[in-house]
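Everything numeric in this text was worked out from a predicted model, so none of it was measured. Reminder, nothing fancy here: chain letters follow the sequence lines and each chain counts from 1. Reckoned from all heavy atoms, side chains included, excluding hydrogens, waters and symmetry mates.
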Amino acid sequence: MRHIVTINRTSLKDSLKKPGCGECQASCQSACKTSCTVANQECQN
Amino acid sequence: MHSIIHKFRQLGMNIVLDPVSGAIHVIDDLTYELLDLYLDNDFDTIVELLKDKYDESDIKEAYDEIESIRQKGLLYSEDVYKDIDVSRKDSVIKAICLNVAHDCNLRCSYCFASTGDFKGGRKLMPYEVGKKAIDFLIKNSGNRKIVEVDFFGGEPLLNFDVVKKLVDYGREEAKKYGKTIKYTITTNGVLLDEEKATYINENFSNVVLSLDGRKDINDAMRKRIDGSGSYDVIFPKIKNFVLKRGNKEHYIRGTFTAKNLDFSEDVLYLADMGIREISVEPVVEKEDTDYTLKQEHLKEILKEYDKLAEKYVERMEDGRPFSFYHFKISLDNGPCIKKRLQGCGAGFEYAAVTPDGEIYPCHQFVGNESFRLGSVDCGIENKELQEKFMESDIYKREECSKCWARFYCSGGCFANNYNINGDINKPYELSCEMQKKRFECAIAIKAYEMLKENDIYEK
């Protein structure tokens, strides 16, 4: 495509198939302690 | 009804994102303008409106490309998550924050913990209480193999012998139950001598060290008990630790306030000092002080993030990269939708324990009696309060359910909401605006890297 470049390959909608295993880290534990950031975490499953 | 998209310009690029699919597209100027007209006009009208500026064939081509990604479910995706049945009732405790010291050797003006004592008197956690807290974590962590203990305060190094004994105890207990405890610590660095630095480096999977940046900025807020600045005491120790730490996880964590709205200078100062892992965050303060961040500061703060993003890529290009915690984002392997509906987990995946063994949903609620969940002796007693935290998610809040950034922030911080608005479910708007800007910067940095990698970046 000449006008649009898509940056990422996966769709969040695909994660509906994931079980929500809960193996991910507690969100505000690691660096901030005053905010909650989820988007920088990796799925552990 | 089509879901919203979000368009913005950052780092010389036009970017559009589709919140529901998470798709991010870099688009040219024509497509950027066309998207303003796309939903409300037919093709002929769009051509009529844009033909003085662009060739008709180009308009047609851009229009078709929009149609194509839309059909692939990567633009204007309908919200398919609103009605999914997510239960958090089977949640387990993943991490605890052990407030091993309700005391501190600094007197920082902005301290949320009332300079360390959480308004409950200065005290240290006895070893026995810490042991029970670890028992509570293991007992309530279900089948989860990896759990976390963060040593926090006040200043945890004031109770370092207990910290070390608890690390040993936790290891033994975890082994018995087939688990691993990852230890983390948050310290102001004042007592970080060589021996402690070596121990912490060897035993802790993440270390957070507090330092605000430039000496005058740090010293204006982070003061010693005698009122003098802390920089000269902490900086050499923190620098020494960072050198020892190498690539193992750590953050130098600062706070910016209304006194340093030019906080990008503090981030860059830390980077210039050889610090590579930096997190500098806005102060949360409701009272009307000379350092409180207010709506009137927002414009300047957002510009400062823009500037920081520019400098961030500039330094990447110059071979002097550093990492800024809030500019990190996982676009391809991020959390699943369940996590994104509520990210925090305070009170049911995460809890804080006081020196007296009382349990609160997180460190920021400690000392507020109405948020006491239970104790290490009796476990969770206030189930009603726990359920209130469990039930909350982005679709329970009008502001969040419409926000383009809802799957990135996942509802944000309960404590900030409560501290500013008196309700864990009422978003703290100023914080939301800053958070959205940080996401834009983070997304743009990823897009920049990707375009550069493929040699197609055009400013």
Side-chain angles (χ1 to χ4, degrees), chain A, chain B residues 20-28 30-31 61-62 65 69 73-74 77 80 84 86 91-92 94-95 148 150 184 186 206 208 251 253 279 281 284 325-326 328-340 343-345 349-350 363 407-410 412-413 416 439 446-447 450-451 456:
Chain A
M1 291 201 284
R2 240 166 42 87
H3 303 272
I4 301 175
V5 179
T6 301
I7 298 300
N8 45 350
R9 288 162 205 85
T10 54
S11 168
L12 182 55
K13 287 182 246 179
D14 295 337
S15 85
L16 279 170
K17 295 170 203 152
K18 288 191 176 181
C21 65
E23 286 299 322
C24 42
Q25 196 186 11
S27 296
C28 110
Q29 180 77 342
S30 61
C32 42
K33 289 281 196 183
T34 59
S35 69
C36 172
T37 313
V38 171
N40 60 10
Q41 290 196 11
E42 299 274 328
C43 174
Q44 301 298 314
N45 188 346
Chain B
V20 174
S21 67
I24 288 154
H25 315 279
V26 176
I27 57 180
D28 61 7
L30 161 58
T31 311
E61 204 173 57
E65 288 186 18
I69 57 169
L74 300 174
S77 299
V80 289
I84 58 171
V86 172
S91 300
V92 297
K94 299 174 175 184
E148 282 183 52
D150 187 44
T184 62
T186 302
N206 187 21
V208 181
Y251 290 95
R253 199 277 193 210
S279 175
E281 304 207 16
V284 180
Y325 180 67
H326 275 137
K328 289 183 176 182
I329 194 161
S330 305
L331 295 184
D332 276 321
N333 188 35
C336 66
I337 190 64
K338 183 177 177 184
K339 173 81 169 178
R340 288 178 192 261
C344 173
E349 288 184 342
Y350 176 66
H363 51 286
F407 303 118
Y408 297 108
C409 108
S410 305
C413 173
N416 286 354
F439 289 137
K446 279 276 179 190
M450 191 267 199
L451 296 190
I456 47 175

- Task: Could you tell me which portion of B/Ile337 (side chain, backbone, both or neither) has an atom closer than 4.5 angstrom to a non-hydrogen atom of chain A?
- Result: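 Backbone plus side chain of B/Ile337, per the 4.5 Å heavy-atom cut-off to chain A.
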- Message: Tell me which of these, B/Ile69, B/Leu30, B/Ile27, B/Asp28, has more heavy-atom pairs under 4.5 Å with chain A than the rest.
- Response: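 Ranked by contacts with chain A, first place is B/Asp28.
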- Message: Looking at chain A, which one of B/Gly22, B/Ser91, B/Ser21 has the largest number of heavy-atom pairs inside 4.5 Å, strictly under?
- Response: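 The answer is B/Ser21.
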- Item | Results of salt bridge (charged side-chain N to carboxylate O under 4.0 Å, His left out) for B/Lys94 - residues two or more places apart only |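 Per chain and number, B/Lys94 pairs via salt bridge (charged side-chain N to carboxylate O under 4.0 Å, His left out) with B/Glu349.
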- Residues forming a salt bridge (charged side-chain N to carboxylate O under 4.0 Å, His left out) with B/Glu61, sequence neighbours excluded: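 B/Glu61 satisfies salt bridge (charged side-chain N to carboxylate O under 4.0 Å, His left out) with A/Arg2 once adjacent residues are dropped.
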- Are B/Arg253 and B/Tyr325 close enough that some pair of their side-chain heavy atoms sits under 4.5 Å apart?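 No - every pair of side-chain heavy atoms lies 4.5 Å or more apart.
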- Query: With side chains defined as the heavy atoms from C-beta onward, is the minimum distance between A/Ile7 and B/Val26 less than 4.5 Å?
  - Reply: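 Yes, close enough: below the 4.5 Å cut-off.
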- Message: Below 4.5 Å, heavy-atom pairs only: which of A/Thr10, A/Asn8, A/Thr6 has the largest tally toward chain B?
- Response: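 Option with the top pair count is A/Asn8.
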